Every structure is written in C-alpha cells, then in structure tokens.
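Atoms within each ligand, like the ligands themselves, are counted from 1 in listed order. Just so you know, these numbers come straight off a predicted model, no measurement behind them.
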Amino acid sequence: SQRVVIIGAGIVGTNLADELVSRGWNNITVIEQGPLSMPGGSTSHAPGLVFQTNPSKTMTLFAKYTVEKLQSLEKNGQNCFNQLGGLEIATTQERLEELKRKHGYAQSWGIEAHLISPEECHKKYPGLNKSMILGGLHIPSDGLALAARATQLLIESTTKAGVRYLEHTVVTGIEQANGHVTGVTTNKGSVPADIAVSCAGFWGVEIGKMIGLKVPLLPLGHQYVKTTAVPGLVGRDVNKNINAMNAEYPILRYQDQDLYYREHGEQYGIGYYGHRPMPVNAASLGVTPEKVDEKNMPSRLEFTPEDFEPAWKATKELLPALRETEIADGFNGIFSFTPDGGSVVGQAPNLDGFYVAEAVWVTHSAGVARAVAEMLTEGRSKIDIAELEVTRFEEVQLSPEYISETSQQNFVEIYDIIHPLEPKHTPRNLRVSPFHARQREQGAFFLEVGGWERPHWYEANAELVTSLPKDWRPVDRDAWSSKFYSPIAAAEAWKTRNAVAMYDMTTFHRFEVFGPAAVDLLQRLTTSDVTKAPGAITHTLLLNRHGGVLSDIFVSRIEDDVFQIGANTATDLAYLVREARQQSKGTPSQWVQVRDVTGSTCCLGLWGPRARDVIREISADDFSNNGLPYMGVKKSGLAGISVTMFRKSFVGEHGWEIQTTPEFGQRLWDLLWQAGQSHGLVAAGRAAFNGLRLEKGIRASGSDFSSEYNPYEAGITYAIQRDKKVDFVGKAALEAASRRTPTKRLRCLTVDDGRSMVLGKEPVFRNGQVAGYVTNAAFGYTVRKPIAYAWLPKDLNEGDSVEIEYFSRKITATVVSDPLYDPQGRRLHD
Ligand code: FAD
C-alpha cells in the first residue's frame, strides 16, 4: 500500500492507524512529539464524556461508531467505554423545549432517547436538587470514554500489526514535489511518504503552516476541576467496586449554566464553558517535555480559580452533596474550536496527498478516523463529510481575525440554544453585494451566509401583506418557527407568482472554467454532455466514483473555451481546481484553469410572469423564446450596462439571472427598479425564495442530498444524461444504480392542517415507527400548505400518511407527487 505518515498519536491519529491497518494497509508510520505512554495532547487529559446526539447526522453517526469501537477495545476483561447513559437536564422552560428538539434529532439519527420527568431524573441521578429540575433527556447508550487507555490499546494492537511509531519526534516540515507529498521532515530526519495526515489536534494550525494551508481552528483553554471526596461517596471505589471505571451515575449536562459532570470514584469532575474565552497560540507552548505526567503536559495550563467561581456556585445548588467538598485540583485544558463548530477534515486543497483530521472530539474520534481511512482506501467516506471538509470555508473566513473571533464565539455559545437560522452577530458586513445600499433603503432583513449579507425579506413590502388575496394571507406560526421569519415573505412570493420580483443572487458561487481543455474537464467530471454550442446552460451533477452526489451545478457555455459554473460551495471550487491542476499536468492541449468569479461579478434574478415586460422597457434585444430560450445564456446590454443573461430560474417562473460586474451593480438595480414599477416589481428575499423553490421541487445540495445518495434516490435524474457517450467520474456506479431499486427516496410531504411548520431534521414516523427524517421545509405559498422534503423508505407511496415530530408534537403529513407547482414547466418555457 501507499506510504502513510500520521502526525500525532492522540485518539484520532491512533484510531486512523487502526482503521487503515484493518483495511489491509501496511506501510504506516505515526510520528509523535511526546512520549507514547502519555503524548501530552488533549487526549491525555480528556475526561471523555460522550454525548452522542448532535443536530448533525454525520456527527451523531460518528459518535455512535466511536462508542461501538471503544466497546470493542478490550484488555484484561475491561473495554474502553463505560456505558452509564447520558442525562441532560432542563432548569428553564426554554431548555425543556430544546430537549424536545434534541430528542427529535436522536430519533432522526437512530439513537434511543427518552424525555423524562423531574422524578425520573432524580431516580437516575439521586444527587440532583430536584426542586430545580423541569425535566431531562436520557440517552442510555451515552457514557464515558477511556480515551487515554483506548489510545494505549490502539498503539499496542497496531504496533503488533506492523505500524511504526516514532516517539519524541517532532514534525518540522512537509516535503513535496510536483504538487504532491513526498515525505515528512522531523527533528530526527526525513520519513518518506505518499500520504501525510495531520492528526495533530490543536497544533494543526502549525502543521498547516508548513504547506501554506490555513487550518481554521483556534486552541482555547477550557476549565476542568476535580473536587475533594464527596462525603457520601467516600471509600466507594475501594470498598465497593462500583465498576471498573469508577462511576455509577449517568454523565450529566447542566447546559443552562454551561456545566457538565462525571464521577471519578469518590470525587467529582466538573467541566465549565461559562468562563471567558482563553485563546492560546500552540506555537508558544514550546517543546513537549521528555517526561509527561498528569500535571505536566503542554495541553494543560494553570488553573484560574476566579474564572470558575460562578460554576462552583451553580454546582453547589444543583448537587447539594458537593457543598461539603472543595476543589482539589483544576486546570485549563486546551482543545480546538472552529468558526462553525465543526471538525476540520479532508484533503488539503493546495497539496495532493496531504490530509487533515483536526478539531475532533473524543466523542467523534473513531468515526472521523474511519471516514479518513475510507477516503484514502476507497476515495470517499461512506458517511458524508461535506460539512467537515477543510475546503468548506470561504477565503474571507480563513483570516486569523475571523477564525479567532468566530471560534471564540463558538466556545461562548457551545451550550446555548441556537435557532437553525440564527446568524452570527459578529463579524458582519464582511461581504456585501453592490445592491446593499438599495436593499437597506428597502428595509432588508439580512442573515449571513459565507460572510455575505443576504436579504431574507424587505420591510418595504410590509403593507402588501394586508392587501393579499385571502388565499395568500400568511398563516400564524408558533414562536420557534416565527424566529428569523416574516409574513412579508408571503407577499413577496405572491408578487413573484403574479407580477415580478427581483432577488439578489450574488451570494451564489460562480466559477469560470477556461482553456483549451475546459470542455474535457467538464465532460470528465459531470453527468451531462456539455459539448453543446456556446449559449447553452446545462444543469448537471458532480458525482464521486461510487455514484454519490457531490453537488449539482449549472454549466453555461459562454464561448468555445469558456464556461461559467453556478455551484454550491467552496468545496466545489476546491474540487474543480484540483482536477484542473491534475489535468493540466499533461500535454498543453489538456490545459484548463478554474477561477472563482463570485466576488468579481454580481447577479440579480428577475422572475415572474411580467419579467419580460420589465426587460422590454430597457432593451431592444430579443429575449423571446427564439432570442434566448429556456436554459440559454447570452451577453447583452441593458441601457448601456454590459450584462450576461442566464435564462434559468430557481423559483419556477419565467425570467433571467442578470449578471454584471460590481461597478455597474447599483445602476442595474436602479434600472430594473424604475422599469419595473409600472409592472408591480418588488425586491424579494430568501424566505420567499425557499418556499417557491420547494414548491418547484428543486432540491438543495448538502441538505436534501449528499454523497450518501445517488441521483435516483434523490430524485434528481433530470440532471443526468443517460445516453452520454464519454466516460465520466461515477458513470459505472450510476449505471449500476439505475438497475437497482432504491431502498429509500427523497419524498415530498405536505402538512395536512395547512399551517403547522417544521424546520428540518425532524423525525418522520410511519405507523408509530421512525421511518426517516426531514431535510428541508418551508411554507408553500402557492399550494397554501407547509412543504417538507424527507428521506423515506421507497415503499411509501403517494397518498400515504406520515407524522412529523416537532417539539414532541406529531404533525400529520401526506406523501405527495412533486413538483407541486407547474410540473410541466410551462411557466419556464413560455
Ligand atoms: P491530541 O490528543 O491533542 O493529539 C495530537 C497529538 O499530536 C499530540 O499528542 C501532539 O503531541 C502531537 N503533535 C502535535 N504537533 C506535532 C508535531 N509537530 N510533531 C509530532 N507530533 C505532534 N472531548 C470529548 O469528546 N468529551 C469530553 O468530555 C471532552 N472533555 C474535554 C475536557 C478538556 C479539559 C479538554 C481540554 C478537552 C476535552 N475534550 C473532550 C476534547 C478532546 O480531548 C479533544 O478534542 C481530543 O482529545 C483531540 O484528540 P486529537 O487526537 O485530535 O488531539
């Protein structure tokens, strides 16, 4: 097999060595700067609480696998997981509601979970001050990881299997030739390698710097203390062998005060996230000592008792027995935080063969390691890792200032109740489109995406709501689904369906692919034939080798050798850039370049039955079906402004995406605005857009589908061309998938009562059993019902009834045929 060097022997690095060995790879070296017996990274002191449930399906499944793996690591009759169960308690009404939502996630992702009463909480955890508890969430399969022990067992077993470990060896550089890793430099010499994986934990930033890779994580101190012996527990671990791992009760979370607890025999361990963020520069920690011990390791900073005071007070209220104790020992332990709270995993965009697996909790360690092993051995992780991809960040999100501010914010908010639409409060206004000033004048309500300010609705349209036809009037929503929402969206949707609206599309990713072999690149990577003459737009898919969907993109042929790509993420860009780079290493005729033009262009979507009337006011060009048919693109001029007109639509109405360069953006807005007034034009935002999109059955990459699904399951076969002659990535797997009957499908549901909203990720029940989960949901203004898309077993048919659980309430919905709006696409082609 290829020569792999893993940097770091913490819980992630050792798990990765194991996952590779178990897949038959046999040329693996793990390099660790500390002593192997106790390397001194975060793993060496992690208390190891494993709460598996997470809003993210990927992270929950990684946690589930980690539990299974830790249970399988056994020596002397003892494995590495103490399955005590996990208890999260609510002391506020808001938290009680939040636990219901979390219970929903657990069901969606297949984790057994129970909402329990204060009495039951007390029964499971007698030490609790019952008068404070409003209820709890109990997860029987959660528990304590023995992370340091697991690391030792993995070192032992993988060493036997042939993995080479180099301890007290510091990685100082990464060697490369021709854009590929060739080795790793250490203070003791060079180690040749085809693949290097940085599992260096919070030192990951420093390793990244060795290849010019910005690793978006921030090391932060986090307080953990051990109390003196709790009177009622004294002698328990000696006299009464409670269990081999010194604990008896569930692991406990008291998130209303940013606290968590575990037992250490007769003592208690308390972790606290309520203190000020304590950023650390990993490079300043110096060399790992020759001999590391509990008190002396680089990842452990001096305890600052004053920061712990509120935690200590809150603890004594919650757990009265601890009033009799004192703090025996405390430290500020270091681990990684990231701008969006996710781990950082995957291949570096700038160096082939270099991978990272960082900002990973013990909780997810084996899951992440398995994912990386699958990437190396099979070319993809079976569980989709798009949300963890190192390439997911926009350039603006990779500045040290951004990483520092947002990662600290994540520390502060780690146990907070966060609405799925809740934006970052700072930093804001990092990227604004040239329409921004006009949008503000219209009272835009902005949410943030990828550093961009994106309007969700415009207050200027408020007065339209009262004059809406009866059938279009917005229905009342509950408090949660009303957050970051306005009924104004109904008016903007109505205008889009009945007159014309303009949408700022600037925040969508746009790339240019150009060069003599541009067409070869796109033919090789996409599911459609893109050799059509300039002027054609093709909606197509990027697949992995296994037929899983990486993304859906719009390929517009502008000139013979110039294409514009409408894409979804920065990861799409990294993928295309890497493939172009590799292709260009061949003969000059294979040369192709990919560049991001998102910021150097801006775009307005002008859509609605009167869109053509608006354009006629300002251009004599032919925008009829002959002049520019549906899915066509052409350059044109609008009152002296050079534009590219893309005839496509995300909302199911006739119109164009009109693109120009930013210096003309405001003039373009003003021009359309003035021309549109007599035709009823309004500016419309993302809230209306989302509802209209779902009515039209347009699936969203990343949430509705991912690499875990093939296009047949996801219902996106319209973006594949079955008779495409030339080979492309994923073709064989796609053909095989076309012959199989899918076991699950992405289905459209409408809510029967016409008003109960859900927001996404809720579990869906059939005959009382969990059958799937919601991906996206929105109110369908035209169909006058909430719409949800959900992954469900294939045997669910149109007309079948299901229930969606929302904050413990069951909402009846029906499986329906989609798209719900204009299934023939007449509105687009006319
Ligand atoms: P590490 O364990 O830090 O391993 C990285 C290794 O890389 C280190 O051993 C280091 O020496 C080595 N290395 C770095 N640079 C180099 C170099 N240049 N050359 C050679 N070697 C190098 N997680 C949970 O899931 N549950 C919890 O309850 C929990 N509690 C925590 C409590 C505290 C106080 C702290 C600090 C963390 C806690 N965590 C918890 C987080 C968890 O400990 C870490 O996320 C996890 O251990 C990281 O594992 P790792 O293998 O990525 O990193």
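Side-chain atoms of Asp142 and Gln52 include a donor-acceptor pair closer than 3.5 Å. Looking at Glu112 and His114, their side chains do bring a donor and an acceptor atom within 3.5 Å of each other. The closest side-chain donor-acceptor pair between Thr14 and Gln152, if any, does not fall under 3.5 angstrom. Inspection of the His45 and Ser299 side chains reveals an N or O donor paired with an N or O acceptor under 3.5 Å.
Atoms of ligand 1 found under 4.0 Å from any heavy atom of Ile207 (numbered from 1 in listed order, with element): 18 (N). Short contacts between ligand 1 and Thr169, defined as distances under 4.0 Å to a heavy atom of the residue, involve ligand atoms 19 (N), 20 (C). Within ligand 1, the atoms closer than 4.0 Å to a non-hydrogen atom of Ile31 are 20 (C), 21 (N), numbered from 1 in the order shown. Close contacts between ligand 1 and Ile334 involve ligand atoms 36 (C) [criterion: under 4.0 Å to a heavy atom]. Close contacts of ligand 1 with Ala200, meaning ligand atoms under 4.0 Å from a residue heavy atom, involve 5 (C), 7 (O), 14 (C), 15 (N). Near Gly10, with a cut-off below 4.0 Å to any heavy atom, the atoms of ligand 1 are 2 (O), 4 (O), 51 (O).
Ranked by closest heavy atom to atom 53 (O) of ligand 1, the top entry among Gly48, Gly173, Gly201, Gly13 is Gly201. Between Ser336, Ala145, Ser42, Gly333, it is Ser42 that holds the heavy atom closest to atom 1 (P) of ligand 1. Checking Thr186, Leu301, Val171 against atom 19 (N) of ligand 1, the nearest heavy atom belongs to Val171. Summarising the contacts of atom 48 (C) of ligand 1 with Val205, Val287, Val360, the nearest heavy atom is found in Val360. Here atom 42 (C) of ligand 1 lies nearest to Val362 when heavy atoms of Val50, Val184, Val225, Val362 are compared. Between the choices Gln33, Met38, Arg300, His45, the shortest heavy-atom distance to atom 36 (C) of ligand 1 belongs to His45.
Shortest contact from atom 25 (O) of ligand 1 to any protein heavy atom: Thr363 OG1, 2.6 Å. For atom 52 (O) of ligand 1, the nearest non-hydrogen atom of the protein is Val12 CG2, 3.4 Å. Of the protein's heavy atoms, Glu32 OE2, 2.6 Å lies nearest to atom 11 (O) of ligand 1. Protein heavy atom nearest atom 33 (C) of ligand 1, with residue, atom name and distance: His222 CD2, 3.4 Å. Considering only non-hydrogen protein atoms, atom 31 (C) of ligand 1 sits nearest to Pro47 CD, 3.4 Å. The nearest heavy-atom contact from the protein to atom 43 (O) of ligand 1 is Ala46 CB, 3.2 Å. The nearest heavy-atom contact from the protein to atom 41 (C) of ligand 1 is Phe335 CD1, 3.4 Å. What sits closest to atom 26 (N) of ligand 1 on the protein, heavy atoms only, is Leu49 O, 2.9 Å.
Neither the backbone nor the side chain of His364 comes within contact range of ligand 1; no heavy atom lies under 4.0 Å. Heavy atoms of Thr172 found under 4.0 angstrom from ligand 1: none, in either backbone or side chain. The proximity of Trp203 to ligand 1, defined as any non-hydrogen pair under 4.0 Å, is limited to the side chain. Residue contacts with ligand 1 for Thr43 involve both N, CA, C or O and side-chain atoms from C-beta outward (heavy atoms, distance under 4.0 Å). Only the side chain of Tyr260 comes within 4.0 Å of ligand 1, judged by heavy-atom distances. Using a 4.0 Å cut-off between heavy atoms, Cys199 contacts ligand 1 through its backbone alone, with no side-chain atom that close.
Between Lys424 and Glu413, no side-chain nitrogen of the basic residue sits less than 4.0 Å from a carboxylate oxygen of the acidic one, so the salt-bridge criterion is not met. Using a 4.0 Å cut-off between a side-chain N of Lys or Arg and a carboxylate O of Asp or Glu, Glu88 and Arg95 do not qualify as a salt bridge. Ion pair Asp384/Lys57 not flagged as a salt bridge, since none of the NZ, NE, NH1 or NH2 atoms sits closer than 4.0 Å to an Asp/Glu carboxylate oxygen. Between Glu19 and Arg370 there is no salt bridge, since no side-chain nitrogen of the basic residue lies less than 4.0 Å from a carboxylate oxygen of the acidic one. Ion pair Lys209/Glu206 flagged as a salt bridge, since at least one NZ, NE, NH1 or NH2 atom sits closer than 4.0 Å to an Asp/Glu carboxylate oxygen. Using a cutoff of 4.0 Å between basic side-chain nitrogens and carboxylate oxygens, Arg3 and Asp194 are scored as salt-bridged. Ion pairing of Arg300 with Asp329 is present here, as a side-chain N (NZ or NE/NH1/NH2) and a carboxylate O approach within less than 4.0 Å.
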| task | Tell me, with the steps shown, if Tyr254 and Tyr261 meet ring-ring contact (aromatic ring centres under 6.0 Å, His included). | result | CA-CA 8 Å; Tyr254 176 23; Tyr261 303 91; 7.0 Å; no

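For the residue pair Ser198 and Gly204, the shortest heavy atom distance occurs at OG-CA, 4.4 Å.
Between Phe337 and Phe411, the ring-plane angle classifies as perpendicular under the 30° and 60° cut-offs.
Side chain of Asn187 to backbone of Val170: a donor-acceptor contact under 3.5 angstrom is found.
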